[in-house]
Amino acid sequence: MSGPSVRARRDTDNRATERTVTFVVPDGIDDPLRVSGGNVYDRRVGEGLRAAGWDVSTVEVRDAASAARALRQPPPGATVLIDGLVAGWAPAAVEDAAERVRVVVLAHMVAAAFPDVTAGEVASERAVLAAAHRVVVTSAWTARELGRRGLVDASRVSIASPGAAAPSPVPEVPSPVAGGAGGMRQDRDGRHLLCVGVVAPHKGQDVLLAALAQLPEQDWTCAIVGSPDAAPRFAAAVRRDATRFHGRVRLTGVLGRAALAAEYGRGGLLVAPSRVESAGMAIAEARARGIPVVAADVGGIPDTVAGGGAILVRPDDAGVLAAALHAWMSEPSLRQRLRREARAARQSLPSWNDTAAAIARVLEEART
């Protein structure tokens with residue numbers, strides 16, 4: 001074989017190597033019983049990178065030992081994208097891996113921002129972020145918060161906001177608008193409220209129930225969707241509290257994709273009463289469907305709803321949340337305006353292709 005042909009083949013092989021990544025994620029990201037914003041994000045990113053021509057080896061791990069094994073497998077000089085949750089399980093392994101491979105940490109949240117975080121968890125987060133060659137975050141707030149806390153230099157941080165449409169090669173068809181075609185019932189008065197997220201203190205479902213208790217005369221129903229497993233005691237207390245509403249509040253647990261889509265289809269308003277939130281995947285899903293949002297003015301939520309169609313309220317304040325819900329249900333002009341803004345905002349939402357492209361750029365830059 002002639003010299004130029006050999007060089008051409010080697011150049012092709014080098015390009016293939018440059019577009020190869022090991023993606024280390026929590027076990028069960030495709031499990032319908034473990035639906036979470038982080039899992040959905042990771043799954044969509046993997047799909048988007050593959051669709052863009054990347055060779056993605058996804059490794060699911062369940063604990064520190066399996067995370068450490070996964071980080072030892074890639075050859076020297078390889079690129080590893082690791083979910084921040086997994087990285088926090090095995091900070092020493094991340095530090096060791098960073099000596100021989102290019103480590104990019106995907107930080108869905110700022111652990112140090114949670115009120116119940118332990119000193120050990122904060123130390124793990126600091127060690128992981130210090131070792132990473134690059135850090136990807138899901139919102140501008142997360143980037144600012146990491147810098148404010150001195151956890152990582154801004155030059156090593158990039159933002160890849162959650163998408164709101166299917167990745168290629170599937171055509172980019174926006175999610176159905178709630179109340180529109182496709183057999184979904186239209187909630188004209190916005191009486192059916194939807195709250196989506198793991199049932200845990202940082203998501204604030206207790207604040208929502210306290211607010212609803214102040215609206216006994218309003219005609220509303222509410223579905224609280226999410227896993228109770230992360231904080232069992234808190235979830236049990238929420239379930240007990242929900243019984244006093246005599247069926248007006250449903251706790252559905254985790255829902256599969258079709259059932260969750262049906263809940264969004266029935267929803268007139270998404271309520272996100274979080275105490276801490278990096279971006280808000282449920283908010284992005286609601287906005288993709290043109291559903292207005294009432295949410296706590298905290299973390300990355302203001303960035304997520306910057307296009308309008310939302311009411312922001314003081315976090316951890318049931319009275320203020322109740323007032324906002326009362327206004328939504330009693331003022332037709334307010335509902336009309338927020339719906340109009342929410343539908344218009346759909347046009348400017350990032351797609352999952354955009355998310356994957358942003359991460360691909362970081363992976364390429366990490367090799368230089």
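Numbers for residues simply follow the sequence, beginning at 1. Remember, it's a predicted structure, so these values are computed and weren't measured experimentally. The figures here come from the full heavy-atom set of this structure, side chains too, leaving out hydrogens, waters and symmetry mates.
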Salt-bridge criterion met for [X] and [Y] (N-O under 4.0 Å):
X: Asp116; Y: Arg275; value: no
X: Glu263; Y: Arg266; value: yes
X: Glu341; Y: Arg337; value: yes

Keeping [X] on the side-chain end and [Y] on the backbone end, is there a donor-acceptor pair under 3.5 Å?
X: Ser66; Y: Arg62; value: yes
X: Arg339; Y: Pro292; value: no
X: Glu125; Y: Ala111; value: yes
X: Arg126; Y: Leu151; value: no
X: Thr355; Y: Ser161; value: yes
X: Arg44; Y: Trp352; value: no
X: His133; Y: Val104; value: no
X: Thr304; Y: Ala279; value: yes

Query raised in the report: Does anything in residues 81-94 pair up under side chain to side chain donor-acceptor pair (under 3.5 Å), and if so which pairs, sequence neighbours excluded?
Result: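 Found Asp83-His108.
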Report task. Mind checking side chain to side chain donor-acceptor pair (under 3.5 Å) for Ser124 and listing every partner two or more places apart, or none if nothing turns up? Result ->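 Counting only residues at least two positions away or on another chain, Ser124 forms no side chain to side chain donor-acceptor pair (under 3.5 Å).
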Query - Heavy-atom side-chain contact between Arg134 and Arg102 under 4.5 Å - result: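 Counting from C-beta outward, Arg134 and Arg102 never come under 4.5 Å.
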Query raised in the report: Do you know the tightest heavy-atom contact between Val40 and Met281?
Result: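 Heavy atoms only, the tightest pair is CG1-CE, 3.6 Å.
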Applying salt bridge (charged side-chain N to carboxylate O under 4.0 Å, His left out), name anything that partners [X], two or more places apart in sequence or on another chain.
X: Arg69; result: none
X: Glu145; result: Arg148, Arg149
X: Arg156; result: none

Query raised in the report: Does a sphere of radius 6.0 Å around CZ in Arg248 hold more than 12 heavy atoms from other residues, nucleotides or ligands, not counting ones at 6.0 Å or beyond?
Result: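 Enclosed: over 12 neighbouring heavy atoms sit under 6.0 Å from CZ of Arg248.
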**Report entry** All ring-ring contact (aromatic ring centres under 6.0 Å, His included) counterparts of Phe23, not counting sequence neighbours
**Finding:**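 Per chain and number, Phe23 pairs via ring-ring contact (aromatic ring centres under 6.0 Å, His included) with no residue.
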